[in-house]
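Convention: sequence-line order gives letters A, B, ...; per-chain numbering from 1. Given the structure is predicted, the values throughout are model-derived calculations rather than measurements.
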Amino acid sequence: MITDQLSVLLRQAVDSAVKDGELTVGDEPIVITFDTPKNKDFGDFATNVAMLLQKRAGLAPREIANRIIKRLPVGQSLITRVEIAGPGFMNFYLNPVWLYDTMVSIEREDTAYGNGNSRSGERTLIEFVSANPTGPISVVNGRAAALGDCLANLLSAAGAVVEREFYINDALNSTQINLMGISLQLRYLQTLGHTLDMGDSSTDEEEESTPHACAKCGENHIFPKEGYRGEYLVEIAEQMAKEDNGALAALPATDQAAKFRQLASDRMILQQQSDLAAFGVKFDKWFYESSLYEKGEVSTAIELMKSKGYAYEKDGALWLKTTELSKDDQDRVLVRSNDKETYISADAAYHKNKFDRGFNRLINIWGADHHGYVQRLKAGVSSLGYDQDKCEIILTQMILLMRDGEPVRGSKRAGDIIPLVDLVNEIGRDAARYYCLLNSYETTATFDLELAKRQSSDNPVFYAQYAHARAASLLAQAISRGVEIKAAADIDLTLLTDERELGLLRKLSDFPSEVKLAGDFLAPHRLTGYIREVGQALHQFYEECPTLKEGVDPAVRDARIALFNVTRIVVRNLLALLGVSAPDKM
RNA sequence: GCGGUCGUAGCUCAGUGGAUAGAGCAUCUGUCUUCGGAACAGAGGGCCGGGGGUUCGAAUCCCUCCGACCGCACCA
């Protein structure tokens, strides 16, 4: 990156000033950063090091800048001039040759342009979505899915080895799974003609009304108050009853419960897998919580906690000292007084498993409603002897869909959530993914379904894709007119001198650092902002600089065609990072 | 009550302690004998929730108040 070169030159200048006794900077390392000023008059790049050194040097920032600039290779190949501005900024004006070099690198690196190696050696596991197998994937899960997938792309682009994982909470200890099994079982009996008493989930009063005895078998089939009431279970039950002719109902009660529990979770996992596949998110591994129990990893983890003195008995249960290990406000139960482990035990064991597989960075994406659980997991990680800072938790806020100014409500069919597949079917996969990444995950995003479907400029997805289509289509147009598309390296690129051409090139040259920063800050939404800027710069160039029109000098034409080509490459790479398609035509 | 997150243009949101706080949408005004108008150019619109502090400099860091949302299980 060009700023790396500038940093080296600047550091040499500072060192030289120190050596000559013109600057004292102390022992602390000097952090040099360059950013691109918003105002073009402030040069190509600016740095604030002179102001940061003010205290250490005991000099006015402008004077410090002065002494540094004297030692910079100004007027030679790269830097044409450096100005001191405002309180002490150093504004660098560069020879545009570096932009032409960038064009050649973009073509040479092609799909790899934008990638770096700042994270080589990192092995990162991103765990995301991990929805309980009790219902379809919701739009909130979708936000996490798009985010996790994009983060994985970003960290890979920075050189890390990244795996995507979905954790399936399918443990037999799980109250939720048991409820799910019971709910399915009752729906199944209902389709066979048994009388089902749904109770009333909306009131808090305890059930005292007389149960309706089943006309068929005389028993009382009462639907649990906390049961899963979504109608998707009715559909599954009907299908099952049709397939097996009601054979399951003949099983003994305990076998029946276990069977339904298993079937319910198997069905839901398949459903979730297909929901996510439709969204274009693929996981490297679906990790079963139950496997931790089967392999004894949960009890191993608990024994380890005990041996390290972080677990203690109280009230017949086993507790973890989470308050001591992290910032939790009370200790948490590991093993209930009925001898069943809680999810904390399993989760601690799961994260030990992750570390033991060789990952040195763990990222978990959870819904914001789980924030109270962050400290518990960190305590669990610490208690097993791992660095809790290596386990980062990202909390995503809700997503609110609006239609005609009214919030979209969860459907009864889906159990009061909005299924992700419904969103994908309505606005398409690309738009759905793009909107999930449009805002920072820290804010509750609201977005308008009508806008997302609109195929016009006010829709950011189309603006982004249109940039690619326009560039691709110009290249296709050139070919159909018999104009050869030459490699940037074989063209006189110095003919690109218009402010629009240089502006676009500058934008494209930002791409590697934009990718790096989006990864460093775990902030994919930076890219959706950046892609709009690239699109805008392309359209400005397109409007003002004719390429295939009559009367354009062939040498200029070739240089501009090359500019379209490198823009196409950058936009395509950007869309790939976001997981959105890059159409040649729209 | 305790804890967490967040208050930025009419709306939806960006904003690494730095220069005059930005963008999209919406509103208004322009640009088409067009290489894709799904575009471009321009205008209006702000005590960055209030008040203190930290410093050369605060939307950004600290304290406090107000408001919104979320969490506070031997559920996950």
Side-chain angles (χ1 to χ4, degrees), chain A residues 33 35 37-39 41-42 46 48 51-52 54-55 60-61 85-89 91 130-132 134 169 171 173-179 226 289 314-319 327-330 332-344 346-347 367-375 395 397-398 402 405 438-440 442-448 451 454-460 462-463 465-467 469-470 473-475 477-478 481 483 500 517 520-521 523 525-526 528-529 532-533 535-536 538-550 552 557 560-561 564 585-586:
Chain A
T33 55
D35 47 28
K38 273 168 265 177
N39 191 332
D41 299 335
F42 295 152
N48 63 347
M51 289 180 284
L52 295 176
Q54 179 178 14
K55 234 171 217 148
F89 290 100
N91 294 336
S130 299
N132 286 337
T134 54
N169 298 106
N173 284 358
S174 163
T175 318
Q176 326 275 349
I177 300 297
N178 287 328
L179 270 170
E226 306 292 328
E289 179 184 10
K314 192 182 94 178
D315 303 333
L318 187 72
W319 297 69
K327 284 178 272 186
D328 205 355
D329 51 6
Q330 65 181 91
R332 305 291 166 176
V333 170
L334 286 168
V335 183
R336 300 172 214 170
S337 48
N338 66 5
D339 286 338
K340 285 186 177 180
E341 297 87 349
T342 64
Y343 63 96
I344 301 173
D347 249 14
D369 53 336
H370 287 63
H371 73 76
Y373 177 43
V374 171
Q375 296 306 326
L395 300 174
Q397 294 292 331
M398 302 290 119
M402 304 290 285
L438 191 55
N439 303 130
S440 156
E442 288 168 320
T443 62
T444 54
T446 61
F447 73 79
D448 188 328
L451 175 63
R454 220 179 298 163
Q455 313 236 329
S456 69
S457 61
D458 47 15
N459 185 337
F462 282 87
Y463 191 88
Q465 291 182 316
Y466 179 60
R470 186 172 239 183
S473 130
L474 186 125
L475 295 167
Q477 191 60 228
R481 293 180 186 210
V483 177
R500 295 1 176 269
L517 288 173
D520 289 350
F521 291 115
H525 73 277
R526 293 180 61 106
T528 55
R532 196 192 46 72
E533 292 173 3
Q536 191 169 40
L538 171 70
H539 297 313
Q540 289 170 346
F541 158 63
Y542 180 90
E543 295 283 333
E544 297 295 328
C545 303
T547 302
L548 299 176
K549 285 185 183 172
E550 292 292 317
V552 179
R557 179 200 63 198
R560 288 181 176 165
I561 288 175
F564 275 105
K585 285 187 208 156
M586 296 174 69

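Atom name P, nucleotides B:C70 and B:C28: the rounded distance is 37 Å, in whole Å. Comparing the same atom, P, in B:A21 and in B:A9 gives a spacing of 15 Å after rounding to whole Å. A distance of about 42 Å separates the P atoms of B:C72 and B:A19, rounded to the whole Å. For the C1' atom pair drawn from B:A59 and B:G22, the interatomic distance equals 12 Å after rounding to whole Å. Comparing the P positions of B:C25 and B:A39 gives an interatomic distance of 8 Å, to the nearest angstrom. Nucleotides B:A26 and B:C32, compared at atom P, are 22 Å apart to the nearest Å. Taking atom C1' in both B:G45 and B:G24, one finds a spacing of 15 Å when rounded to whole Å.
By the side chain to side chain donor-acceptor pair (under 3.5 Å) test, A:Glu341 is found to be paired with A:Asn173, residues two or more places apart in sequence or in another chain being considered. Every residue meeting the ring-ring contact (aromatic ring centres under 6.0 Å, His included) condition with A:Phe564, not counting sequence neighbours, appears here in chain and number order: A:Phe541. Qualifying side chain to side chain donor-acceptor pair (under 3.5 Å) partners for A:Asp369, counting only residues two or more places apart in sequence or in other chains: none. Qualifying side chain to side chain donor-acceptor pair (under 3.5 Å) partners for A:Gln477, counting only residues two or more places apart in sequence or in other chains: A:Arg481.
Among the atoms of the strands shown, only primed sugar atoms or phosphate atoms (P, OP1, OP2) are found under 4.0 Å from some heavy atom of A:Gln397. Within the nucleic acid shown, A:Ala60 has no heavy atom closer than 4.0 Å to any nucleic acid atom. Residue A:Lys585 is in base contact, counting any heavy-atom pair closer than 4.0 Å across all strands shown. In this structure, A:His539 reaches the sugar-phosphate backbone alone: every heavy-atom distance under 4.0 Å involves primed, P, OP1 or OP2 atoms, never a base.
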Just do the side-chain contact (heavy atoms from CB on, under 4.5 Å) check on A:Asn48 and A:Thr33 with the steps written out, would you?
CA-CA 7 Å; A:Asn48 63 347; A:Thr33 55; 3.8 Å; yes

Check the pair A:Tyr542 / A:Thr547 against side-chain contact (heavy atoms from CB on, under 4.5 Å), numbers first and verdict last.
CA-CA 8 Å; A:Tyr542 180 90; A:Thr547 302; over 6 Å; no

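Of all nucleotides listed (B:G71, B:G24, B:C74), B:G71 comes nearest to the side chain of A:Asp369. Ranking B:U34, B:C56, B:A23 by closeness to the A:Lys549 side chain, first place goes to B:U34. When the nucleotides B:G71, B:C35, B:G36 are ranked by their closest atom to the side chain of A:His371, B:G71 comes out on top.
Rounded to whole Å, the distance from CG on A:Leu395 to P on B:G3 is 18 Å.
At a threshold of 4.5 Å between non-hydrogen side-chain atoms, the residues A:Arg557 and A:Ile561 count as touching. Proximity of A:Leu334 to A:Trp319: side-chain heavy atoms (C-beta onward) are nowhere separated by under 4.5 Å.
Residue whose closest nucleotide on RNA chain B sits further toward the 5' end, between A:Arg336 and A:Gln477: A:Gln477.
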With Watson-Crick and G-U wobble geometry limited to distances under 3.5 Å, how should the secondary structure of RNA chain B be encoded in dot-bracket form, using | for bases paired to another strand and [ ] for crossing pairs?
(((((((..((((....[...)))).(((((.......))))).....(((((..]....))))))))))))....

In 5'-to-3' order, the base (B), backbone-only (S) or no-contact (-) status of each nucleotide in nucleotides 12-22 of chain B, using a 4.0 angstrom heavy-atom cut-off, is SSSSB-BBB--

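Contact annotation: side chain of A:His370 to base of B:G71, donor-acceptor pair absent below 3.5 Å.
Pairing each heavy atom of A:Pro61 with each of A:Pro87, the nearest pair is CB-O, 3.4 Å.
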